[in-house]
Structure formats: C-alpha cells, structure tokens
2 protein chains.
Amino acid sequence: MRQDILNCYRTVNPHVSVDCVLIGFDGEQLSVLLVKRQGVVDKDFCDTKLPGSLIYVDEDLDEAAERVLTELTGLKNVKLDQFKAFGAKDRTKNPKDTLWLERLHSLKSPVDRIVSVAYLSLQKVDRKMMFPSYKYEPCWKPVKEVGELAFDHKMIIDEALLYIRNRAELNPTFLFALLPKKFTAAQMRKLFELVYDKSFDVRNFHKRIAQMPYVVALDEKERGVPHRAARYYKFDKSKVK
Amino acid sequence: MRQDILNCYRTVNPHVSVDCVLIGFDGEQLSVLLVKRQGVVDKDFCDTKLPGSLIYVDEDLDEAAERVLTELTGLKNVKLDQFKAFGAKDRTKNPKDTLWLERLHSLKSPVDRIVSVAYLSLQKVDRKMMFPSYKYEPCWKPVKEVGELAFDHKMIIDEALLYIRNRAELNPTFLFALLPKKFTAAQMRKLFELVYDKSFDVRNFHKRIAQMPYVVALDEKERGVPHRAARYYKFDKSKVK
DNA sequence: TTGACTTATCGTCATTTGTACACTATATTT
DNA sequence: AAATATAGTGTACAAATGACGATAAGTCAA
C-alpha cells in the first residue's frame, strides 16, 4: 500500500503514542477490541494489547489515532474521541514492553517514558463481523474477561468505561452507536443496565423510551424467537433535541 | 531553591508539555490566570500565555503540571485535573512560538510539533490576592476579555470552559471551589448563570439551594450594603451524596 | 420620620418527572 | 392443549421543576 511505503520515511516521535479503545456491544455484553503484539517470540510476554502505537513527529493526534487503528485492524472511518492522556512515570518501564518497542521501531536509544493519548469509539458488534486486516489478529474480548494487558492498557480500558458512563449520563444518545440499526427495547435496556451498572424496571423503561423522540418504533418485529416477538426500534439522529 | 538546581540536570522532553488553566471567580466574572513570556525582546511577540512548559522525560504528567504551575506562579498544592490533550499538526509552527521555545530551553534542533496536556483548576479569586512569585507576572484576566494568546492557548481556554460546564452538569458540587468560604445566594446564582450561560429565577434558585444538603445557611449576614443584607452560606463537603 | 428604592426571602399552584408495582399477550415447543 | 419464555401495558403516589406574586429588611433622600 502506498501509504505504508511513505510512512517508512516519516520520523517517529519516541515520546508520544495513541491508543484506541473500541468498545462494542453484541446485545449481550460489552467487549473491547484487542490486538496481538508482533515480532515477539518469548512466550512469557503478555502479548495482548490495545491497538495503539507511537505517532510521527509531524502528525496530528487525531489523525494518528485513525491511522494506527487502520494499520492494526484494517478498520476505516471510525469516529474516535480523545478522552484522556496517560503519562505516569513508570508506564513504560516494564522490560517486556520496552524491549518490544525498541525492536519494533528499531530505536537506537532506550525508550523513555511514553505519554499516550487514548481515544474511544463505540461500535456495534456483529458476531459474524470480519476485520479487513488480520495481521495483528484483532478480536473482541468481553470487558469482564480482560486480564492483564501490555503497558497500562487495563487501566486505560477502565477509564474508558468510566468516561462512557459519565458521558451517557450527560447525553444518552451517545450510546446508540453501540446498538444495531434495528434493536429491541430489551437490547436497549440491557445496554443501559451494563453502562449504568444497575437494573431498570421494564415498564418504566418503556415509558422512558416513549418519551425519547429520537427512538422511533418500527412496524417490524423479531422473527423466529420461541416466544412473543419484540418490536424493533430505530435511532433517528435528526430528532435529537 | 534546591529543586530548581536539581531540575537543571534533568532531561527535557521536547515533544510533550503541560498547560494549566486556572479559572477564577471573583463574585462578578470568570477569569483565567495568564503569565508573560520571558526573555523575548521583540515587542511584536504575543507575550501572554497560559502557565505551561515542556516536561522532563522521566516526569509524571500530573507532577509536571504541578511543578510548572509552581515555577511560573509560585502557587503550591493546587488541585489540577487533566482535561484534554492538544496535538494539532500546526500547534507549534508559529515562528514567534518556536523561536521563543528554542531560546528558552536552549534546544539544539528546531522544535517539532509539541503535544500539550492541559490541566484545569478552579480558584476563588480575591481582589487583594498576591502571588508568591511575580517573576512571570501572573495575573487574572476576565475570560471575556482574553485576546489572542501564544500557541493555541485561546482554544485550550475555550475547551476548559466547555469542560467545566459539562462536569458541573454532572455534579454541581464541583463549582464550589470557585466560591469563597462564605458566599451569598446571589453570588452562587451569578456563578451558575455564567457557567450555564442562562439566567435562573431567583425564587426557584433559593428552593434549589434549600434542597442541596451540602449548602448550609449561616447566621451571619452581609454588612454595609445599601439594601437588605443577604445571608451567607457555606459549602460542606462532608454532606455531598 | 417617612416614603422611595433595592435586593432578599418565602409561598402557591400547575406541570412534569420518577418510581413502585402485577397482570395479560403472543410466539414456540412438546 | 398445555407448558414456557419473553413482550408489553396502566395506575397511583411522591418528588422535582418551573412560572409567578407577595412580603421583609435594609439604605437613602426629602
């Protein structure tokens, strides 16, 4: 790819990276998109991490996030929001992490502490979803099952979830990016319960939906379920506020 | 000062800076704390900016923010919250800014784009308030009167105000850092009106105060005002939630 | 001393919003 | 036809919100 060839000649900024937290919802649970580290043989290495990388010296932060996500997962045109920078003194002190970095970027001098700017995107997760690029083996991992990751990526994910919750409280429409185009009231309720970490009364939740002008009921219903079929709703962005 | 001497031997990270947005309220309006650039003779230079500077390679971001604020204003123990990173491609491309930076830090190579992590703190502003250090001429400037500043500092201030508003909507107790220990309902209302950019009904606002358990009425009243004296209130942190 | 003026404080009423709670409806499977 | 699994609905009370008018407590000037 032309873009990749050009990038070889760009200077890497060894002090700043971006990390992308993609949170997905499949109707059941929240997941996060993780990739594998490349070029590391030692099995002892913790080789799962967020899609992220060092940026180039002359590269816009937002653009860097999009580029890195595309390079590692093949995903394009993903709307990413910056939510926090991570710059603890010891965040890149683990030899596993520093060694990997130095090899990957062919760095001459040992890596200093790297400040990472974290980005968030909410995605619908389709079970049969394929990634355009499998080079780094991107895959969705349920957030509740995420173990230790490289660097401080576990903490970054926790902060992302906190951010989602706060932002949803301010403006719930933000969450509809996680739902499929057609969704049932039950799916929506499940999502809200996961995000707010509490359960909602079914009847009151229906009332709540009824007074959201941007959630419109469709004529269509579920098919092939072994019980009463639920009505589908859709999110109409144009009816927000 | 010992700290300063030691700092001379630390390595500067030429790619990452911190900027501190201190927002103050004096009972009338919101102000922001600005400092003067040092060591620049050319009068054409736009020499007012936020207190901020490059960090050291091995320095925690949060610590860097506190250190820089202390070095530029003398203020200590200020609670700073990180709210956003700024990393536009061209944010350090203005020759005025780059020249100043290169001289200040005695940099050998020209500065690349610098990613800046912005921090926020809310302060009560006392008209007779003195700064422990006047080296960089720190002073409060009403936000509505802020003109063009160095770098993208104007934009950083705008983002800070947006952040304050969002965060206050989530949790209004956050705003009490802006009010003096004793304050009147009118002062509090004025502040809320500035932050939310709309006016509130005086009577309903009193009701709103009455049902904030953390705002407690004092016996004390205003003195020397040419009309009925207003009651003082105080904020009791322990009664939040 | 009095009345004009200014700002503080309190009260009412209508409306909206939040919350607790139990039964009927519809589709599939056996 | 019965079992079962989930969808969908209404009512009553409490609490919060918002629009508005009336009264209280000071200063100031005549």
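Treat the numbers as computed from the prediction; the structure is a model and nothing was measured. Below, read A as the first sequence line, B as the second, and so on, with proteins coming before strands; counting in each chain starts at 1.
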Under a 4.0 Å threshold between the charged nitrogen and the carboxylate oxygen, would A:Asp81 count as salt-bridged to A:Lys79? yes
d(A:Thr173 OG1, A:Met212 CE) to nearest 0.5 Å is 9.0 Å
- Message: Using a strict threshold of under 4.0 Å (side-chain N to carboxylate O), is an ion pair present between B:Arg67 and B:Glu63?
- Response: no
Please work out if B:Arg231 contacts a base, only the sugar-phosphate, or nothing of the nucleic acid, heavy-atom cut-off 4.0 Å. sugar-phosphate
Rounded to the nearest 0.5 Å, the CZ atom of A:Phe200 sits from the NE2 atom of A:His206 at a distance of 14.0 Å
* Spell out, as yes or no, whether a donor-acceptor pair under 3.5 Å connects the side chain of B:Arg231 to the backbone of B:Asp219. => no
Do the two ring centres, one from A:Phe205 and one from A:Phe192, sit under 6.0 Å apart?
yes
B:Phe200 CZ to D:dA16 C1', in whole Å, measures 15 Å
Quick tally for nucleotides 20-30 of chain D: nucleotides whose base has a protein heavy atom under 4.0 Å get B, sugar-phosphate-only ones S, the rest -, giving BB--BBBS---
note: B:Gln187, atom CD; C:dA8, atom P; distance rounded to Å ~ 10 Å
note: A:Glu220, atom CD; C:dA27, atom P; distance rounded to Å ~ 15 Å
*C:dT16 phosphate, OP1 or OP2: any side-chain N/O from A:Gln211 under 4.0 angstrom?*
no
note: A:Arg223, atom CZ; C:dT28, atom C1'; distance rounded to Å ~ 15 Å
Atom CD1 of A:Ile209 and atom P of D:dG10 are separated, to the nearest Å, by 15 Å
Separation of D:dA7 atom P from A:Phe205 atom CZ, nearest Å, is 12 Å
In whole angstroms, the gap separating C1' of D:dG8 from CG of A:Leu218 amounts to 16 Å
In whole angstroms, the gap separating P of D:dG10 from NE2 of A:His206 amounts to 12 Å
